[in-house]
Amino acid sequence: MKMSLVVRTTTKLMSPFLVAYAAYLMIYGQMSPGGGFQAGVILAVSVILLVVSHGYRSVKKRFRLKEVGAIEGISALGLVLIGITGIIFGGFFYNFLRGYWSGGTIPLFNIGVGLKVGAAFVMVFYIMLRWVESD
Amino acid sequence: MGAGERIAGVLITLALATLLLSLDYSRSGFGSYSYYISSWRTVGIPNLVTAIVADWRAYDSLGEATLLFTAVTGVYLLLGGKKK
């Protein structure tokens, strides 16, 4: 069930900017207000916007469920790795990159959480849509 | 949902409410709150919330992330299969 041409073109135009804004929140989470979770939700919204306007089948070909699940798994692993490498330098989640750039492991942590939350919500949306349309 | 269950539900929630209200919610002075406010600058970033969420209590945020992960796998297991 696709929406009208106007809606489709506007969402196609707008979703890259949503992704850019989510990337900004992710990377600058420690300097300005932001953080992993908000960025992840905005990432998910940019995909869900496309799914709503273009219909599930066409977007499914571009953002496959397997890839989204892989992104979620890999970023979850990344978070745990950041925590574990902290053990070598000190305690669990010890900020071992503090000197290199402002915030040390915090941007990495935000990026990992952002990708994970985004992929998680896109997956939930896909699963529910697939269940409803049961294609 | 018969009337009996609905009444039982209301009673249980009322009991829970009285239990929770009877607890002591006064702010204890020396908890982690005052420590956070007084010395969050040691993390070295201007954003207090991210300093606490991503650096001091990153383990809690990791727990939150895994919580979301289990939620998604739960939804996938429940609704993922082909509809019979």
Side-chain angles (χ1 to χ4, degrees), chain A residues 25 28-38 40-41 65 68-69 72-73 75-76 78-80 82-84 86 91-95 98-99 101-135, chain B residues 1 5-6 9 12-13 16-17 20 23 25-84:
Chain A
L25 284 180
Y28 289 94
Q30 83 272 9
M31 305 304 283
S32 59
F37 293 95
Q38 303 85 338
V41 169
L65 184 69
V68 174
E72 188 188 8
S75 51
L79 286 183
V80 174
I82 292 173
I84 287 176
F92 189 56
F93 270 119
Y94 180 80
N95 198 341
R98 174 165 299 165
W101 55 79
S102 85
T105 59
I106 295 178
L108 300 180
F109 187 83
N110 275 337
I111 290 170
V113 168
L115 289 177
K116 188 172 164 11
V117 169
F121 281 120
V122 167
M123 260 185 89
V124 167
F125 202 80
Y126 270 174
I127 295 161
M128 286 190 184
L129 255 177
R130 195 175 64 172
W131 189 70
V132 166
E133 291 186 358
S134 72
D135 52 2
Chain B
M1 281 281 281
E5 286 151 4
R6 206 163 276 134
I12 291 171
T13 40
L16 189 65
L20 290 179
L23 297 176
Y25 290 103
S26 65
R27 201 166 61 82
S28 64
F30 46 79
S32 61
Y33 177 76
S34 53
Y35 176 73
Y36 285 153
I37 297 300
S38 59
S39 63
W40 65 278
R41 290 189 193 289
T42 59
V43 179
I45 56 172
N47 185 347
L48 178 142
V49 173
T50 314
I52 291 177
V53 162
D55 188 309
W56 271 346
R57 302 196 65 109
Y59 190 30
D60 296 349
S61 307
L62 179 71
E64 196 173 333
T66 39
L67 183 133
L68 188 65
F69 188 78
T70 44
V72 169
T73 35
V75 167
Y76 188 67
L77 289 177
L78 277 176
L79 302 177
K82 291 289 171 290
K83 241 178 145 168
K84 298 298 175 300

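Below, read A as the first sequence line, B as the second, and so on, with proteins coming before strands; counting in each chain starts at 1.
The two residues A:Phe109 and B:Ala58 come nearest to each other via the heavy atoms CZ-O, 3.8 Å. Minimum interatomic distance between A:Phe93 and B:Tyr59 (heavy atoms only, all atoms of both residues): CD1-N, 3.9 Å. The two residues B:Tyr76 and A:Leu65 have their closest heavy-atom pair at CE1-CD2, 3.7 Å.
Put simply, of B:Gly44, B:Ala51, B:Pro46, the one with the most heavy-atom pairs under 4.5 Å next to chain A is B:Pro46.
Side-chain contact between B:Asn47 and A:Ile106 is absent, with no heavy-atom pair separated by less than 4.5 Å.
Rounded to the nearest 0.5 angstrom, A:Asn95 CG and B:Asp55 CG are separated by 4.5 Å.
Within the 4.5 angstrom heavy-atom criterion, no atom of B:Val49 approaches chain A. At a 4.5 Å heavy-atom cutoff, A:Ser75 makes no contact with chain B through either its backbone or its side chain. Contacts between A:Tyr94 and chain B at a heavy-atom distance below 4.5 Å are absent for every atom of the residue.
Within 6.0 Å of atom CZ in B:Arg57, 12 or fewer heavy atoms from other residues, nucleotides or ligands are found, so the atom counts as exposed in its surroundings.
The side chain to side chain donor-acceptor pair (under 3.5 Å) contacts involving residues 106-128 of chain A comprise nothing, where partners must be two or more places apart or lie in separate chains.
The contact list for residues 61-71 of chain B toward chain A, using heavy atoms and a distance under 4.5 Å, reads B:Ser61, B:Leu62, B:Glu64, B:Ala65, B:Thr66, B:Leu68, B:Phe69 by residue number.
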